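The figures here come from the full heavy-atom set of this structure, side chains too, leaving out hydrogens, waters and symmetry mates. Sequence lines set the chain letters: A, B, ... in the order given, protein chains first and strands last, and positions in each chain run from 1. Just so it is clear, the structure is predicted and the values come from calculations on it, not from any experiment.
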Number of protein chains: 4
Amino acid sequence: MRANSGSDEQGRSFTERGRRAQIVAATVEAIVDLGYPKASFGQIAQRAGLSSTGMISYHFENKAELMRQVAVSVYGTAEELVGTRVVAADTARGQLRAFIEASVDFYRTHHRELRALTEILINHRDDQPVMPLHQRDIGALEELFRAGQRTGEFRDFDPHVMAVAVRHALDGVAMRLGTEIETDADSYARELVTTFDLATQARQEES
Amino acid sequence: MRANSGSDEQGRSFTERGRRAQIVAATVEAIVDLGYPKASFGQIAQRAGLSSTGMISYHFENKAELMRQVAVSVYGTAEELVGTRVVAADTARGQLRAFIEASVDFYRTHHRELRALTEILINHRDDQPVMPLHQRDIGALEELFRAGQRTGEFRDFDPHVMAVAVRHALDGVAMRLGTEIETDADSYARELVTTFDLATQARQEES
Amino acid sequence: MRANSGSDEQGRSFTERGRRAQIVAATVEAIVDLGYPKASFGQIAQRAGLSSTGMISYHFENKAELMRQVAVSVYGTAEELVGTRVVAADTARGQLRAFIEASVDFYRTHHRELRALTEILINHRDDQPVMPLHQRDIGALEELFRAGQRTGEFRDFDPHVMAVAVRHALDGVAMRLGTEIETDADSYARELVTTFDLATQARQEES
Amino acid sequence: MRANSGSDEQGRSFTERGRRAQIVAATVEAIVDLGYPKASFGQIAQRAGLSSTGMISYHFENKAELMRQVAVSVYGTAEELVGTRVVAADTARGQLRAFIEASVDFYRTHHRELRALTEILINHRDDQPVMPLHQRDIGALEELFRAGQRTGEFRDFDPHVMAVAVRHALDGVAMRLGTEIETDADSYARELVTTFDLATQARQEES
DNA sequence: CATGAATGAGGTTTCATTCAT
DNA sequence: TATGAATGAAACCTCATTCAT
């Protein structure tokens with residue numbers, strides 16, 4: 001009848017996972033091309049090579065759920081890419097650097113997904129909110145900062161504000177990478193690393 | 001027959017300027033309440049105390065133009081408030097501090113306008129694009145940084161990247177102030193000033 | 001913006017009352033022609049000479065509300081026609097006869113409205129139910145029966161069951177008049193009057 | 001390829017008869033729960049424990065045919081239950097009483113089927129019309145009345161109108177038993193028997 | 001200036017039905 | 001037989017915009 005109950009990808013047939021992924025990808029394209037408000041089922045179906053919008057409704061309970069899945073998908077990819085590189089570092093300072101570099105890297109390689117995610121995060125309003133998403137990032141960063149402060153690597157700043165600053169500074173980079181005519185992603189990464197390194201490190205004259 | 005040609009407020013009757021301002025304000029409210037995609041003429045008219053959406057079409061050429069005016073209006077207010085405080089400072093460092101503090105101040109006092117502006121910036125797509133808006137801010141910041149680097153107040157970083165970082169870190173604050181349960185705006189301001197102060201100042205051991 | 005708030009006809013412009021009546025009439029036609037499930041906005045708009053289904057949504061909050069108005073309208077007409085003839089009679093027995101005769105009369109002259117009403121009563125399911133409608137009729141009949149029993153005109157039966165029997169026997173006539181190839185309405189009336197006269201009157205051998 | 005040609009249950013495999021009965025039962029449930037217009041194949045399949053609506057299309061030529069089968073099934077059950085009790089009586093008057101009592105009995109024990117049947121009778125429109133169903137009942141009643149009139153048991157009324165009255169008065173009871181908060185079915189039966197007994201019997205003073 | 005009415009396009013979603021597996 | 005996927009039509013409804021008054 002319908003295959004759209006539940007919201008994770010487990011317990012779904014092979015073909016269905018394929019279709020869902022295809023639709024999610026097409027949604028990203030539609031949002032990037034047309035903007036969230038004009039990313040209609042019609043546009044999405046077209047980009048997914050489907051001959052009917054009914055197919056989308058068949059695979060996703062409704063539009064809100066589809067958008068949620070897009071967010072989850074993009075965020076999942078990002079988390080995996082960034083996460084593995086962060087845990088590979090052994091100092092807090094190194095982890096911060098890894099977080100920034102990996103994030104910029106991700107933005108460079110996935111700027112369309114990222115742009116779509118941003119639009120969804122801004123526009124999606126629902127009872128079932130999409131987003132303990134940025135939240136999760138910010139939480140992780142706060143943790144990182146607090147750990148660094150305990151070991152004395154970092155100076156004594158408000159971990160929350162700093163996490164917000166880092167997170168959204170990166171968002172800024174993301175938005176630029178999507179639209180600007182070939183900005184150099186590496187220089188963004190390099191400068192941001194330096195910036196937040198300076199902003200966080202314990203003052204040397206105090207050591 | 002129609003009063004909506006052109007896009008600035010000059011050459012308009014008193015009542016018309018009033019209606020336009022009223023509609024712009026109502027648009028802000030609608031966007032904040034419902035999100036950009038659901039901020040329809042109907043909702044806007046309702047919030048403006050108008051009993052017909054025809055009135056909006058009469059005063060604005062189309063929806064895109066209305067949104068453009070909202071952006072211009074909010075951005076104008078912000079620029080005035082922030083600009084006057086920035087020029088009052090006499091060192092580049094002081095100006096950076098003033099920019100950050102004034103911005104946070106503006107966000108605290110105008111977070112609804114700000115939220116609306118953000119949604120418009122993200123969503124608005126048009127042949128006649130609204131917004132070299134952030135652009136203008138970023139340009140001004142770059143200028144400020146370059147000046148500071150020339151006088152030796154600032155270290156040698158990429159002014160563009162730093163401008164983007166500052167601008168979007170502030171955006172992050174803005175988004176938080178709109179939704180978080182009573183975040184302390186002052187502590188955001190204080191921490192961001194310190195952060196970017198540390199990130200930009202010439203290294204003291206090198207002086 | 002929209003003229004569809006509230007649900008009675010007061011406080012509406014002349015033109016609007018006209019349009020609403022026109023749409024209600026077209027809804028009756030559509031239901032009779034196609035049946036409730038296929039009486040779509042498209043079909044209704046067509047029959048109302050409207051070039052767009054949007055016009056219906058403009059005048060009625062939603063389909064449920066439109067159906068409610070149809071029911072109210074038909075029932076109102078019936079109540080007026082039947083009511084005036086019932087109160088004109090002075091004995092309970094005479095009132096029962098008047099009720100039956102006037103009802104059959106109404107069915108003959110308004111069998112399309114009646115058919116539509118029946119379909120709506122059966123099919124409409126909503127939180128805001130249409131129908132203390134038959135209920136009202138049945139209540140009135142119970143009252144009539146009880147009065148007649150008090151004066152000794154009627155024998156001692158259960159007024160509720162008898163009311164249900166009368167009301168639904170009349171429904172049966174209604175359904176027949178709509179579909180049968182020219183049944184003689186008068187003979188229906190005559191027979192039903194006799195039937196329920198005999199069924200209700202106090203036994204003469206007991207007097 | 002398909003098993004749905006024809007419309008009676010003969011010449012069908014055991015499993016197929018089972019599935020068809022199961023689907024018919026589920027259709028009754030769906031109609032009672034949701035109303036005819038919302039009794040979709042999806043809802044029916046769900047209630048039948050089927051995981052695909054394709055199964056329904058496989059077993060029934062189309063939706064109209066399914067509905068026809070539901071009607072036939074319910075009506076068949078009713079006819080059997082009522083019929084056996086009617087023929088057991090030996091006077092026309094006794095048969096009328098039996099018909100009413102057995103009918104009310106059937107409504108009490110099968111009100112869901114009955115409700116579904118009613119909705120189908122009202123809503124079903126097709127080139128291949130379902131239902132000389134009530135018709136058949138009414139025909140039988142007319143026969144019964146005519147027989148009683150010949151033997152002098154009944155007075156001289158129009159058998160058709162009386163049949164319609166009885167038939168639809170019973171429908172009214174059926175509808176009430178489905179929705180009212182515990183109406184006493186027995187009192188309905190008792191009162192209706194008395195009512196139509198009085199309405200039909202030859203006047204004793206004339207004998 | 002302002003209103004209410006009208007239009008027509010386009011939105012999401014549900015549905016009966018078909019078909020490959 | 002049974003399933004899940006696909007299709008395309010049609011459903012209700014909202015919207016920006018226009019126009020007569």
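Between C/Ile44 atom CD1 and F/dC13 atom P there is a gap of 10 Å when expressed in whole angstrom units. Here the P atom of nucleotide F/dC15 and the CG atom of B/Leu66 are 15 Å apart, to the nearest Å. Residue B/Lys38 contributes atom NZ, which lies 15 Å from atom P of E/dG11 at whole-angstrom precision. Protein atom CD of A/Glu65 is 11 Å distant from nucleotide atom P of E/dT13, rounded to whole Å. Put simply, CZ on D/Phe60 is 14 Å from P on E/dA16, counting in whole angstrom units. When the P atom of E/dC15 is taken as reference, atom CD of D/Gln43 falls 7 Å away, rounded to whole Å. Whole-Å rounding puts the B/Asn62 CG to E/dA9 P distance at 19 Å. If you measure from atom CD of D/Glu61 to atom P of E/dA16, you get 16 Å, rounded to the nearest angstrom.
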Result block: side-chain N/O donor-acceptor pairs under 3.5 angstrom for residues 36-44 of chain D, not counting sequence neighbours:
unit_1, atom_1, unit_2, atom_2, d
D/Ser40, OG, D/Gln43, N, 3.4
D/Gln43, OE1, D/Arg47, NH2, 2.5

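Of the candidates A/Val28, A/Val24, A/Thr27, A/Leu117, A/Val24 is the only one forming a side chain to side chain contact (heavy atoms under 4.5 Å, CB included) with A/Ser73.
Partners of A/Glu16 according to the side-chain hydrogen bond (donor to acceptor under 3.5 Å, both in side chains) rule, which considers only residues two or more places apart in sequence or in another chain, are A/Arg12. In this structure C/Glu119 satisfies the side-chain hydrogen bond (donor to acceptor under 3.5 Å, both in side chains) test together with C/Arg115, D/Arg125, sequence neighbours excluded. Evaluation of the salt bridge (charged side-chain N to carboxylate O under 4.0 Å, His left out) rule for C/Arg20 yields C/Glu9 as partners, not counting sequence neighbours. Applying the side chain to side chain contact (heavy atoms under 4.5 Å, CB included) criterion to D/Ala48, with sequence neighbours excluded, gives D/Gln22, D/Ala26, D/Leu50. For C/Ser13, the side-chain hydrogen bond (donor to acceptor under 3.5 Å, both in side chains) test picks out C/Thr15, with sequence neighbours left out. Residues forming a side-chain hydrogen bond (donor to acceptor under 3.5 Å, both in side chains) with D/Arg112 (at least two apart in sequence, or on another chain): D/Glu29, D/Asp33. Scanning for side chain to side chain contact (heavy atoms under 4.5 Å, CB included) contacts around C/Thr77 gives C/Leu81, C/Phe106, C/His110, with sequence neighbours left out.
Heavy-atom minimum distance, B/Ile56 versus B/Ala45: CD1-N, 3.8 Å.
Of the residues in residues 47-55 of chain D, D/Thr53, D/Gly54 come within less than 4.0 Å of DNA chain E through at least one heavy atom, sorted by number. Within residues 13-25 of chain C, no residue has any heavy atom under 4.0 Å from DNA chain F.
A/Ser57 comes within 4.0 angstrom of a base, heavy atoms only. Within the 4.0 angstrom heavy-atom criterion, only backbone atoms of the sugar-phosphate kind lie near C/Phe41; the bases stay farther away.
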For the pair A/Met55 and A/Ile23, evaluate side chain to side chain contact (heavy atoms under 4.5 Å, CB included) and give the outcome as yes or no after the intermediate values. CA-CA 9 Å; A/Met55 214 55 259; A/Ile23 292 169; 5.5 Å; no
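Each of C/His59 and A/Tyr58 was assigned the nucleotide of DNA chain E with the nearest heavy atom; the assignment lying further toward the 5' end belongs to C/His59.
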Base-pair string, DNA chain E, Watson-Crick plus G-U, cut-off 3.5 Å on both distances, | for inter-strand, is .||||||||||||||||||||
